[in-house]
Student: 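Structure incoming, see below.
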Amino acid sequence: MTEPVIVLVLLAAFGLVAGIGITAVGPGGVLATVGLFLLTDLPPAAVAGTAIVTNIATGVVGAFAYLRSGHLAEPSTARTARVLAGTAVVGTPVGVLVNLVVPGRLFGILLASFVVFVALLVWFRQRRAAEHDDRPPRLAMALLVGGGVAVAVVSGMFGVGGPLLTVPLLVAVGTPMLSAVAVAQVQSVIISIVGAVGYLSQGSLDWHLAAVVGFPELCGVLIGWQLARRIPGRHLIRVMIVALLAVAPLLALHG
């Protein structure tokens, strides 16, 4: 299927902004799914499959960066990363299977609700982040496993990376921001690979559109990292919250 040039340009723009949001704020990756759903006539499975494969490269780059910085070397952080990576293998295929039975109309409504939830979670994270010290908490195994599986299921269903939910949730329970982001990058790589394999096995992955969205998204990751060091985080977070809340009604109606 050949998309009009204007659609390809807009998809690339969504990818670029998504990449910027990933490293500057955290939950920007959902915009790749949003763009594919709004601008193409792909079925829900192809939207999620195409979006999730773009997260492989961004996750690898992010994980490598935090490995080099030493954030993943802290024992508690490394333990959390291992557990969440394991739960990603279990939960992501479930999310893929759920997506395959969800009709387009319902997918739009669920995606809109998910976007609103993420906006509220980001707002909550902003309020909670300043209250914690720099010591990563030792989370209960049951909490880690249950939360990890739940995040993987949702991520697999919507084709989004783990950081979208994992970072706000970990910060909310006391994990320092950089440790949370580092852990989420590792989880995102596993979710993206397992999810991509699942959707590819169902023929629900458009490689052409994945490249159109993915390359600008990868560039956006680098731009967002620079912006995060120059612009106060609260300003970036406010912009992301407004953008997510603004696009939610369009998703519900488009479905």
Side-chain angles (χ1 to χ4, degrees), residues 1-25 27-59 61 95-96 99-100 102-116 118-119 154-161 163-164 188 191-192 195-196 198-224 227 239-255:
M1 181 186 304
T2 302
E3 303 290 343
V5 174
I6 184 61
V7 170
L8 297 179
V9 171
L10 290 174
L11 285 173
F14 265 95
L16 180 66
V17 176
I20 293 173
I22 287 171
T23 46
V25 182
V30 70
L31 292 176
T33 301
V34 169
L36 287 165
F37 184 69
L38 289 177
L39 298 173
T40 73
D41 58 359
L42 293 176
V47 168
T50 302
I52 205 168
V53 77
T54 68
N55 293 317
I56 296 177
T58 57
V61 171
V96 173
N99 178 291
L100 294 173
V102 173
R105 175 62 179 168
L106 180 58
F107 183 81
I109 295 173
L110 292 175
L111 182 57
S113 301
F114 178 63
V115 164
V116 172
V118 169
V154 174
S155 298
M157 178 180 177
F158 292 114
V160 298
L164 188 68
S188 180
I191 287 175
S192 301
Y199 284 112
L200 182 61
S201 68
Q202 300 295 324
S204 299
L205 204 161
D206 189 312
W207 288 105
H208 171 65
L209 293 181
V212 170
V213 174
F215 284 119
E217 187 176 10
L218 194 56
C219 294
V221 166
L222 302 177
I223 296 172
L227 290 178
V239 171
M240 178 60 66
I241 290 174
V242 171
L244 291 174
L245 292 177
V247 77
L250 296 177
L251 294 171
L253 293 174
H254 182 74

Student: With respect to Pro44, which candidate in Thr33, Val102, Asn99 satisfies the side-chain contact (heavy atoms from CB on, under 4.5 Å) definition?
Tutor: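 Single side-chain contact (heavy atoms from CB on, under 4.5 Å) partner of Pro44 among Thr33, Val102, Asn99: Asn99.
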Student: Can you list everything that forms a side chain to side chain contact (heavy atoms under 4.5 Å, CB included) with Val116? Sequence neighbours excluded, please.
Tutor: Leu120, Leu245, Ala248
Student: Nearest 0.5 Å, please: how far is OG in Ser155 from CG in Asn55?
Tutor: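 Here the interatomic distance stands at 8.5 Å.
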Student: At what distance, to the nearest 0.5 angstrom, does CG of Leu205 lie from CG of Leu200?
Tutor: 6.0 Å
Student: Determine the minimum heavy-atom distance between Leu42 and Leu209, stating which atoms define it.
Tutor: CD1-CD1, 3.8 Å
Student: How close do Ala32 and Ala18 get, heavy atom to heavy atom, and via which atoms?
Tutor: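 So the two residues come closest at N-CB, 3.9 Å.
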Student: Which atom pair, heavy atoms only, marks the closest approach of Ile56 to Ser192?
Tutor: CG1-CB, 3.4 Å
Student: Compare every heavy atom of Ala210 with every heavy atom of Val53, then report the nearest pair and how far apart it is.
Tutor: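 Reported closest heavy-atom pair: CG1-CB, 3.5 Å.
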Student: Provide the closest heavy-atom pair for Pro216 versus Ala12 in the form atom of the first, atom of the second, distance.
Tutor: CB-O, 3.3 Å
Student: Taking Val213 as the fixed residue, which of Leu31, Leu36, Leu8 is the one that meets the side-chain contact (heavy atoms from CB on, under 4.5 Å) rule?
Tutor: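 Of the listed options, the one satisfying the test is Leu36.
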Student: Main chain of Val47, side chain of Tyr199: is a donor-acceptor contact present, judged purely on distance under 3.5 Å?
Tutor: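 Looks like no, no N/O pair under 3.5 Å.
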Student: With side chain to side chain contact (heavy atoms under 4.5 Å, CB included) as the test, would you mind laying out the steps for Thr50 and Thr40 before giving the verdict?
Tutor: CA-CA 12 Å; Thr50 302; Thr40 73; over 6 Å; no
Student: My understanding is that only one of Val212, Leu39, Val5 makes a side-chain contact (heavy atoms from CB on, under 4.5 Å) with Leu10; could you say which?
Tutor: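 Among Val212, Leu39, Val5, the one that satisfies the side-chain contact (heavy atoms from CB on, under 4.5 Å) with Leu10 is Leu39.
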Student: List the atom of Gly59, the atom of Ser188, and the distance in Å for their closest heavy-atom pair.
Tutor: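 Here Gly59 and Ser188 meet closest at CA-OG, 4.5 Å.
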Student: Can you name the residues that form a ring-ring contact (aromatic ring centres under 6.0 Å, His included) with Phe14, not counting sequence neighbours?
Tutor: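 By the ring-ring contact (aromatic ring centres under 6.0 Å, His included) rule, Phe14 matches no residue at all.
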